[in-house]
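What's counted below: heavy atoms across the whole structure, side chains too, no hydrogens, waters or symmetry copies.
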Amino acid sequence: MAPDPVATSSSRRILLTGASSGIGLDAALRLVGRGHRVWGTSRDPARLPRVSGFHPVALDLGSPQSIESAVAAARESAGAFDVLVNNAGSGRFGPLEHMDDAHVRDQFQVLVFGPLQVLRLLLPDLCETRGKIINVSSLATQYPIPYMGPYSAAKAALSTLSWTLQMELGDRGVQVVDLQPGDILTGFNERLPKTAPEEAGAYRESQQSAFAVYDANQRRACGPERVGESIVRLVESERPLPPRVTVGSRFQAGVAPLLARLVPTRMLRWGLRRYYRLEG
Ligand SMILES: NC(=O)c1ccc[n+]([C@@H]2O[C@H](COP(=O)([O-])OP(=O)(O)OC[C@H]3O[C@@H](n4cnc5c(N)ncnc54)[C@H](OP(=O)(O)O)[C@@H]3O)[C@@H](O)[C@H]2O)c1
């Protein structure tokens, strides 16, 4: 590992989960490029970059033991943290009726219980440093994706936890942001395990239609730099942070959240069924 650049008073110590690819990798490289020190995680640290200011950490959010030892090792090396970015995550695509309980539990472990455990372990540091927590949820919390029920539900749970933490931590100097990316072109979709058509039963056609729309959106989406830049802005901001930030195309970041608030629920659900071509 290359040595750290000389830390300045504005340089932050950041624990960033899921730094091996996509949004996390982009954010990690930007942050170290600006003089911050990043402890970035992957289940396989060989996948992590080797650059000055970046400290690879092995972390599997599926395992509470791995989380405990990863955070302990990172804290020992960093001293204390100023910022936590809960970014790591993965999804699963398939009809809820045919999804194993184990898969549903795994989504909640990786997207909710794991990040919550990391957050709790780091809270003493963050209270001391009057730090920041950036929880990466998803626009799927406002627009759940069909056949990604457990993913959308787990992201909504993380988003709600960010909201309650904003209220609970208000007096302790820790700021919490719910960062909601829309469609972002990373390798996320290629890694997405999908229920095979022959196992999808009555949902076979509808699952395929929904995936075609979802996949097409991802292919024409903006790159991870849009979210990486937003993470840098949130880390460096001297002003009170906004409670929620939506990042993505102009429509997804600006218009979609407004529609979610203004359009009647029945109409929104009808529109989404048409959008994903789920109409029989
Ligand atoms: N791409 C999008 O359109 C989009 C939209 C909304 C929200 N998001 C969210 O943004 C975050 C980053 O996604 P991305 O698009 O950058 O995807 P990505 O390129 O697949 O990156 C996912 C990162 O999470 C890590 N990860 C996955 N499962 C993990 C586990 N069980 N334990 C520890 N680390 C794990 C991966 O590391 P290793 O595999 O090396 O362990 C990787 O670094 C995720 O939370 C995702 O849900 C993405």
Please table the atom pairs, donor to acceptor, closer than 3.5 Å between any side-chain atom in residues 74-85 and protein atoms at least two apart or in another chain.
unit_1, atom_1, unit_2, atom_2, d
R75, NE, D125, OD1, 3.3
R75, NE, D125, OD2, 3.0
R75, NH2, D125, OD1, 2.6
S77, OG, W39, NE1, 2.8
D82, OD1, R13, NH2, 3.2
D82, OD2, R13, N, 2.7
D82, OD2, R13, NE, 3.1

Review point. Rest of the hydrophobic cluster containing L258 (Ile/Leu/Val/Met/Phe/Trp/Tyr, side-chain heavy atoms under 4.5 Å)?
Key: L262
Check your understanding: Which residues satisfy the salt bridge (charged side-chain N to carboxylate O under 4.0 Å, His left out) test with E68, sequence neighbours excluded?
Key -> none
Practice item. Give a yes or no on whether Y147 and Y276 share a hydrophobic cluster (residues Ile, Leu, Val, Met, Phe, Trp, Tyr; joining criterion: side-chain heavy atoms under 4.5 Å apart). Key: yes
Exercise for review: Assess the pair F93 and F211: is the distance between their ring centroids shorter than 6.0 Å?
Suggested key: yes
Revision key, fill the gap. Residue set satisfying ring pair (Phe, Tyr, Trp, His ring centres under 6.0 Å) with F188, at least two apart, ordered chain then number -> Y151
Revision key, fill the gap. Those residues at least two apart in sequence (or on a different chain) that pass side-chain hydrogen bond (donor to acceptor under 3.5 Å, both in side chains) with T195 are none
Check your understanding: Could you walk me through whether N86 and N135 pass the side-chain hydrogen bond (donor to acceptor under 3.5 Å, both in side chains) check?
Key -> CA-CA 5 Å; N86 264 325; N135 285 330; 3.0 Å; yes
Review point. In chain order, what residues pass the salt bridge (charged side-chain N to carboxylate O under 4.0 Å, His left out) check against R30, with sequence neighbours excluded?
Key: D26, E229
Exercise for review: Scan for salt bridge (charged side-chain N to carboxylate O under 4.0 Å, His left out) pairs involving residues 136-155, sequence neighbours excluded, and state none if there are none.
Suggested key: none
Revision key, fill the gap. H98 meets the ring pair (Phe, Tyr, Trp, His ring centres under 6.0 Å) criterion, sequence neighbours left out, with Y203
Check your understanding: Is any side-chain heavy atom of T141 less than 4.5 Å from a side-chain heavy atom of Q180?
Key -> yes
Exercise for review: Apply salt bridge (charged side-chain N to carboxylate O under 4.0 Å, His left out) to R43 and list each qualifying residue two or more places apart in sequence or on a separate chain.
Suggested key: none
Revision key, fill the gap. Sorted by chain and residue number, the side-chain hydrogen bond (donor to acceptor under 3.5 Å, both in side chains) partners of Q252 (sequence neighbours excluded) come out as D183
Check your understanding: Going by the salt bridge (charged side-chain N to carboxylate O under 4.0 Å, His left out) test, which pairs reach into residues 88-114, not counting sequence neighbours?
Key -> none
Review point. With R219, which residues qualify under salt bridge (charged side-chain N to carboxylate O under 4.0 Å, His left out), at least two apart?
Key: D215
